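Structure record follows, encoded as structure tokens.
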Amino acid sequence: MNQTPAQLRQHFRQQRRQLSADEQTIASVSLLKQIQTHQLIDNDAMVALYLANDGEIDPINVIHYCWQHNIRVCLPVLHPVCQGHLSFQSYTPDTSMANNRFGIAEPTWDCRDVVPLSDIDYIFTPLVAFDKSGNRLGMGGGFYDRTLAPLKSRQFKTKLYGLAHECQQSEQLATQPWDVPLHAIITPSQLIRA
Ligand SMILES: Nc1nc2c(c(=O)[nH]1)N(C=O)[C@@H](CNc1ccc(C(=O)N[C@@H](CCC(=O)O)C(=O)O)cc1)CN2
Ligand SMILES: Nc1ncnc2c1ncn2[C@@H]1O[C@H](COP(=O)(O)OP(=O)(O)OP(=O)(O)O)[C@@H](O)[C@H]1O
């Protein structure tokens with residue numbers, strides 16, 4: 001029987017939460033190695049990442065790598081006005097942070113630090129499940145889908161990469177009209193081009 005999105009979320013969130021702290025650390029180091037091996041980030045790029053939550057693969061080593069190589073980093077912030085949307089805000093070691101309503105740390109709102117979507121070269125998204133065609137199942141809030149909708153219709157340079165543990169691969173996910181497909185998925189052991 002086909003599983004509902006809610007059942008799939010429950011299954012794949014449980015899978016990623018079951019990884020031990022050691023497994024998470026190894027995965028996070030291997031993730032950076034994959035990004036380096038495939039030379040996915042140019043030196044003068046603007047890159048959107050995220051702070052790991054709920055067993056997500058942790059991009060913290062990627063963030064530190066970017067900072068060390070003068071690659072600019074931004075993070076998603078729950079938009080204070082446009083409900084259900086994200087804003088991307090620049091992130092440096094000095095950025096003032098606060099927890100959002102999901103308990104995830106994000107830069108405190110400052111309109112001067114907002115990075116427009118059109119200025120972002122690569123967006124690395126968290127995900128609950130993915131398939132080899134670049135379909136992505138998120139936490140169910142529709143935040144990324146709403147925010148990234150312009151990438152579907154207009155000529156944006158922005159590339160969309162999903163970051164995931166191997167155990168988050170699904171055989172085939174049902175697609176929704178509002179889904180924004182990923183260009184590729186990066187796991188600790190491979191780059192899967194969609
Ligand atoms: N690390 C990370 N940051 C992110 C996201 C994400 O998926 N991961 N988001 C991607 O959209 C946005 C936040 N969206 C989220 C949506 C739901 C939940 C969540 O934990 N939901 C709980 C219910 C919590 C509650 O209602 O208070 C749950 O479903 O169990 C977390 C983040 C922006 N930042
Ligand atoms: N571009 C959009 N415009 C309006 N509503 C949207 C859009 N994208 C998603 N939604 C709404 O958001 C809800 C959740 O979508 P979905 O289940 O695809 O989220 P998700 O991809 O799991 O979450 P996220 O994007 O935050 O990671 C859907 O019910 C849908 O109606």
Side-chain angles (χ1 to χ4, degrees), residues 2-19 24 27-28 31 47-64 66 73-91 95 97-109 113-115 117 120 122-131 133-154 156 158 160-165 167-170 172-187 194:
N2 281 342
Q3 288 184 299
T4 65
Q7 287 169 329
L8 287 169
R9 278 193 189 94
Q10 195 184 14
H11 170 77
F12 285 104
R13 286 181 64 180
Q14 198 177 357
Q15 292 291 110
R16 69 184 188 186
R17 276 199 303 257
Q18 274 173 5
L19 297 168
Q24 285 284 0
S28 181
L31 179 73
V47 178
L49 285 146
Y50 61 88
L51 298 185
N53 175 54
D54 190 55
E56 290 165 345
I57 192 158
D58 192 345
I60 193 66
N61 293 305
V62 183
I63 293 175
H64 288 154
C66 290
V73 176
C74 56
L75 290 179
V77 176
L78 302 186
H79 201 290
V81 179
C82 289
Q83 225 189 347
H85 286 251
L86 301 171
S87 166
F88 291 95
Q89 232 173 265
S90 61
Y91 182 44
T95 299
M97 305 291 285
N99 277 1
N100 64 26
R101 62 185 157 92
F102 300 112
I104 304 171
E106 59 178 31
T108 46
W109 176 257
D113 292 338
V114 169
V115 181
L117 200 52
I120 308 179
Y122 311 101
I123 299 180
F124 293 92
T125 75
L127 52 81
V128 173
F130 70 93
D131 68 21
S133 310
N135 297 311
R136 167 182 178 279
L137 182 73
M139 289 293 277
F143 289 96
Y144 274 98
D145 286 332
R146 276 190 207 89
T147 308
L148 304 181
L151 301 187
K152 289 180 76 156
S153 50
R154 289 188 233 149
F156 272 84
T158 313
L160 209 54
Y161 294 128
L163 301 184
H165 297 288
C167 63
Q168 288 171 261
Q169 181 157 9
S170 169
Q172 195 177 9
L173 291 171
T175 57
Q176 306 292 346
W178 55 80
D179 283 342
V180 186
L182 302 167
H183 292 100
I185 299 96
I186 308 160
T187 74

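Below, all heavy atoms of this structure are taken into account, side chains as well, without hydrogens, waters or symmetry copies. Start at 1 and go down the list; that is how both ligands and their atoms are numbered. Computed from a predicted model, the values in this text were never measured in an experiment.
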* To do: Taking all heavy atoms of V128 and all of R13, pick out the closest pair and write down the distance.
  => CG1-CG, 3.8 Å
* To do: For I104, counting its heavy atoms only, list the atoms of ligand 1 lying under 4.0 Å from any of them.
  => 2 (C), 3 (N), 4 (C), 32 (C)
* Among all protein heavy atoms, pick out the one at the shortest distance from atom 26 (O) of ligand 1; state its residue, atom name and that distance to 0.1 Å. => F102 CE2, 4.3 Å
* To do: Provide the number and element of each atom of ligand 1 under 4.0 Å from a heavy atom of F143.
  => 11 (O), 14 (N)
* To do: Indicate the ring-plane relationship of Y161 and Y122, choosing parallel, tilted or perpendicular according to the 30° and 60° boundaries.
  => parallel
* E56-ligand 1 polar pair, N/O distance under 3.5 Å -> yes
* Not counting sequence neighbours, list each pair that qualifies as a side-chain hydrogen bond (donor to acceptor under 3.5 Å, both in side chains) and has a residue in residues 133-144. => T125-R136, D131-N135
* Protein heavy atom at shortest distance from atom 33 (C) of ligand 1 -> L86 CD2, 3.6 Å
* Structure fact -> For L51, the ligand 1 atoms with a heavy-atom partner under 4.0 Å come out as 1 (N), 2 (C)
* To do: Examine ligand 1 and decide if any of its atoms is less than 4.0 Å from a heavy atom belonging to G141.
  => no
* Structure fact -> the protein heavy atom lying closest to atom 28 (C) of ligand 1 turns out to be R13 NH1, 3.2 Å
* To do: Please report which non-hydrogen protein atom sits nearest to atom 34 (N) of ligand 1, along with the residue it belongs to and the distance in Å to one decimal place.
  => P76 CG, 4.0 Å
* Nearest to atom 19 (C) of ligand 1, what protein heavy atom do you find, and at what distance? -> M139 CE, 3.4 Å
* Neighbouring residues of ligand 2, heavy-atom cut-off under 4.0 Å -> R9, R136, G138, M139, G140, G141, G142, F143, Y144, D145, R146, W178, D179
* Distance-only N or O hit between ligand 1 and Y144, under 3.5 Å -> no
